[in-house]
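Take a look at the structure below.
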Protein chains: 2
Amino acid sequence: MLTQSEENYLKAIYSLTEEDSEIVSTNMLSEKMKTKPSSVTDMLRKLADKSYVSYLKYQGCELTDKGKDYALQIIRKHRLWEVFLVDKLNFGWEEVHEIAEQLEHIKSSKLTDELDSFLNFPKVDPHGDPIPDKNGNFSNNLKTKQLSLTNINDEVVITGVEDGSIEFFQFLKHCEIGLGTKVKIIAKYNFDQSVLISINKKEIILSKQVSQKIYVQ
Amino acid sequence: MLTQSEENYLKAIYSLTEEDSEIVSTNMLSEKMKTKPSSVTDMLRKLADKSYVSYLKYQGCELTDKGKDYALQIIRKHRLWEVFLVDKLNFGWEEVHEIAEQLEHIKSSKLTDELDSFLNFPKVDPHGDPIPDKNGNFSNNLKTKQLSLTNINDEVVITGVEDGSIEFFQFLKHCEIGLGTKVKIIAKYNFDQSVLISINKKEIILSKQVSQKIYVQ
DNA sequence: ATTAATTTTTAGTCTTGTCTAAAAATTAAT
DNA sequence: ATTAATTTTTAGACAAGACTAAAAATTAAT
Ligand SMILES: [Mn+2]
Ligand SMILES: [Mn+2]
Ligand SMILES: [Mn+2]
Ligand SMILES: [Mn+2]
């Protein structure tokens with residue numbers, strides 16, 4: 001059994017591997033974890049000792065199979081709890097991440113599996129992210145195409161958003177953007193890479209930063 | 001916001017106050033928390049600094065109003081989660097305590113209140129213990145009369161059991177003892193203070209230790 | 001190929017929560 | 001009222017997880 005801190009590092013390494021490169025550097029981790037690089041070094045040595053990561057001084061780290069499995073179980077719990085909060089306890093999708101950060105560390109595989117069953121084995125969380133099953137397998141990520149990469153006149157459905165800051169979610173709410181929302185791309189402005197879209201017959205301009213955090217299909 | 005450890009100390013002080021005396025000694029706490037007395041002293045100083053307990057060297061400690069409120073919120077969460085696990089996730093009452101010990105530390109009052117509402121504002125947890133409301137108020141404890149204090153020919157209903165070890169719960173399960181179970185006292189044996197009772201037409205002898213941990217009305 | 005900039009690691013410190021061993025205070029027993 | 005036993009506190013240490021500052025290794029730039 002790992003500590004919460006160790007679990008958070010594993011999760012961070014996993015998500016950096018997905019977003020970026022195969023191999024994760026100390027600085028990348030330090031930024032993600034909001035700790036200093038020296039703290040990361042300490043932790044990596046510890047996780048390497050316990051064989052959750054492979055780590056060579058100055059060369060960065062990588063999750064072992066054991067580490068990846070562990071990370072996926074944390075992610076599974078995180079996302080299941082997010083579904084629980086939204087579906088059963090009337091939370092908005094903007095409120096759940098913070099609480100799931102706490103709940104993901106509860107240790108009981110029976111709890112996780114019963115929760116999964118209670119929620120009818122959901123495939124995605126409230127932000128469109130896939131939920132790994134008991135064995136760490138999950139269906140293909142629907143969050144592959146960013147809204148920023150669509151073309152004029154495309155008509156798309158929103159399949160996911162970046163799971164993060166409250167301010168961003170409040171903005172989305174104001175724009176009436178949610179999972180399943182239909183959107184048409186009206187125009188793209190090259191000078192700042194913003195896009196003009198129409199939602200529910202209203203037209204809105206989204207900045208590049210925003211359109212990169214929204215996924216469509 | 002307090003740490004998990006601080007919260008556990010507050011809870012321990014609260015329950016010792018209920019079981020035993022107004023004032024809680026260092027040794028009592030040390031035994032309850034399974035830490036050494038010297039660790040307790042350290043923690044008491046810290047909690048006193050933050051004004052959750054009043055504490056005088058060598059004189060023991062007592063929760064302040066602030067400390068009592070805080071403890072009741074932890075207890076509220078603990079018991080609500082126990083109800084959730086039993087009512088919604090198919091857990092047995094013997095399995096939930098350990099997990100609730102983790103869940104009680106999740107920090108979100110909205111979560112607690114939504115959970116309360118989702119569970120239809122239960123008044124007691126799976127062991128018959130009362131659940132404090134948002135403001136820390138709870139209805140009178142039904143766990144007042146121990147089975148060991150009943151008389152021959154009494155017909156009583158089980159309203160609670162001590163919430164603790166797994167082995168004890170397994171024994172209860174084997175005896176078909178649960179909340180609401182009707183029991184008749186057939187005989188009492190003074191030499192070892194065991195009692196002979198009938199449950200569902202079966203007769204069982206319960207030791208003194210057991211009959212003191214079962215509450216009836 | 002050196003030098004400069006960046007990244008990463010080491011060394012040492014701090015806080016939290018625990019421990020052991022020894023000292024001090026309190027309580028119980030003669 | 002002393003002495004003895006018990007309880008509680010102090011003093012000092014340790015592990016986890018963070019930090020700062022300095023050293024070492026790597027990478028980039030001349
Ligand atoms: Mn999240
Ligand atoms: Mn999510
Ligand atoms: Mn319990
Ligand atoms: Mn209980």
Side-chain angles (χ1 to χ4, degrees), chain A residues 1-14 16-17 19-63 67 70-71 74 101-102 104-105 107, chain B residues 1-14 16-17 19-63 67 70-71 74 101-102 104-105 107:
Chain A
M1 286 291 124
L2 300 186
T3 65
Q4 294 201 184
S5 188
E6 291 169 324
E7 291 186 345
N8 286 333
Y9 275 94
L10 289 187
K11 209 171 36 132
I13 297 169
Y14 181 89
L16 285 172
T17 305
E19 298 164 19
D20 288 81
S21 52
E22 187 88 3
I23 267 173
V24 176
S25 76
T26 300
N27 263 8
M28 283 159 69
L29 252 178
S30 143
E31 200 171 321
K32 187 93 170 184
M33 291 296 297
K34 286 165 188 183
T35 58
K36 300 292 162 180
S38 54
S39 308
V40 172
T41 302
D42 286 349
M43 183 56 85
L44 285 180
R45 226 198 331 241
K46 187 156 46 133
L47 291 173
D49 281 351
K50 299 183 180 178
S51 72
Y52 289 95
V53 305
S54 60
Y55 162 64
L56 286 170
K57 266 189 187 184
Y58 295 102
Q59 304 305 131
C61 71
E62 204 177 345
L63 291 176
Y70 202 112
I74 307 295
E101 287 290 311
Q102 300 178 59
E104 72 189 4
H105 301 292
K107 282 163 176 78
Chain B
M1 287 289 125
L2 300 185
T3 65
Q4 293 202 185
S5 188
E6 290 169 324
E7 291 185 345
N8 285 334
Y9 274 94
L10 290 186
K11 209 171 38 135
I13 297 169
Y14 182 89
L16 286 172
T17 305
E19 297 165 21
D20 289 82
S21 52
E22 185 88 5
I23 266 171
V24 175
S25 76
T26 300
N27 263 9
M28 283 159 68
L29 252 178
S30 140
E31 200 172 320
K32 187 94 171 182
M33 291 295 298
K34 286 164 188 180
T35 58
K36 300 292 162 180
S38 54
S39 308
V40 172
T41 302
D42 286 349
M43 183 56 86
L44 285 181
R45 229 204 323 249
K46 187 157 45 135
L47 290 173
D49 281 350
K50 299 184 180 178
S51 71
Y52 289 96
V53 305
S54 59
Y55 162 65
L56 285 171
K57 265 188 186 185
Y58 294 102
Q59 305 304 133
C61 71
E62 203 178 346
L63 290 177
Y70 201 112
I74 307 294
E101 287 289 312
Q102 300 179 60
E104 72 189 3
H105 300 293
K107 283 163 175 80

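To find a chain, count down the sequence lines: A is the first, B the second, and so on, and within it residues start at 1.
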Not counting sequence neighbours, list each pair that qualifies as a side-chain hydrogen bond (donor to acceptor under 3.5 Å, both in side chains) and has a residue in residues 19-30 of chain B. B:Glu19-B:Lys32
Would the base of D:dT20 count as contacting A:Ser38 through its side chain, where contact means a donor and an acceptor less than 3.5 Å apart?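 Such a pair is found, so the answer is yes.
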Tell me if the CD atom of B:Glu31 is crowded by more than 12 foreign heavy atoms within 6.0 Å. no
With A:Gln102 via side-chain hydrogen bond (donor to acceptor under 3.5 Å, both in side chains) - residues at least two apart: none
Residues that A:Ser51 engages under side-chain hydrogen bond (donor to acceptor under 3.5 Å, both in side chains), provided they are two or more places apart: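 Only A:Lys66 meet the side-chain hydrogen bond (donor to acceptor under 3.5 Å, both in side chains) criterion with A:Ser51.
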How long is the line joining [atom1] of [X] and [atom2] of [N], in whole Å?
X: A:Asp49; N: D:dA16; atom1: CG; atom2: P; result: 11 Å
X: B:Glu7; N: C:dT16; atom1: CD; atom2: C1'; result: 15 Å
X: A:Asn8; N: D:dA16; atom1: CG; atom2: P; result: 17 Å
X: B:Leu47; N: C:dT16; atom1: CG; atom2: C1'; result: 13 Å
X: B:Glu6; N: C:dT18; atom1: CD; atom2: C1'; result: 14 Å
X: A:Leu44; N: C:dT7; atom1: CG; atom2: C1'; result: 14 Å
X: A:Asp42; N: D:dA15; atom1: CG; atom2: P; result: 14 Å
X: A:Lys36; N: C:dT10; atom1: NZ; atom2: C1'; result: 17 Å

At under 4.0 Å between heavy atoms, what does A:Thr41 touch on the DNA or RNA strands: base, sugar-phosphate, or nothing? base
Under 4.0 Å between any heavy atoms, over every strand shown, what does B:Thr35 touch: base, sugar-phosphate, or nothing? Just pick one. sugar-phosphate
Expected list for residues 24-34 of chain A near DNA chain C, using heavy atoms below 4.0 Å, is A:Ser25, A:Thr26, A:Asn27
Rounded distance (nearest 0.5 Å) linking atom CD1 of A:Ile74 with atom NZ of A:Lys11: 8.0 Å
Reported SG-to-CE distance for the pair B:Cys61 and B:Met28, which is rounded to 0.5 angstrom: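 Going from SG on B:Cys61 over to CE on B:Met28, the span is 8.5 Å.
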Return the set of residues passing salt bridge (Lys or Arg N to Asp or Glu O under 4.0 Å) with [X] (not counting sequence neighbours), or none when no residue passes.
X: A:Lys57; value: none
X: A:Glu6; value: A:Lys46, A:Lys50
X: B:Glu62; value: none

Does A:Tyr70 have any ring-ring contact (aromatic ring centres under 6.0 Å, His included) partners at least two apart in sequence or in another chain, and if so, which?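 Here the qualifying residues are A:Tyr52.
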Set of side chain to side chain contact (heavy atoms under 4.5 Å, CB included) partners for B:Gln4, sequence neighbours left out: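 B:Gln4: side chain to side chain contact (heavy atoms under 4.5 Å, CB included) contacts with A:Gln4, B:His105.
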Short side-chain N/O contact from B:Arg45 to OP1 or OP2 of D:dT10, under 4.0 Å: yes
Is the shortest side-chain N/O distance from B:Tyr9 to OP1 or OP2 of C:dT16 below 4.0 Å?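 So the side-chain polar atoms of B:Tyr9 never come under 4.0 Å of the phosphate oxygens OP1 or OP2 of C:dT16.
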Taking distance alone, no hydrogens or angles, what donor-acceptor pairs closer than 3.5 Å link side-chain atoms of residues 34-41 of chain B to residues at least two apart or in another chain?
{"from": "B:Thr35", "atom 1": "OG1", "to": "B:Tyr9", "atom 2": "OH", "distance (Å)": "3.3"}
{"from": "B:Thr41", "atom 1": "OG1", "to": "B:Pro37", "atom 2": "O", "distance (Å)": "3.2"}

Produce the list of close N/O pairs, under 3.5 Å, pairing protein atoms with atoms of nucleotides 23-28 of chain D; give distances to one decimal.
{"from": "D:dA25", "atom 1": "O4'", "to": "A:Tyr58", "atom 2": "OH", "distance (Å)": "3.4"}

Watson-Crick or G-U stems involving DNA chain C, each at least 3 pairs long, distances under 3.5 Å, ordered by first number: C:1-30 with D:1-30
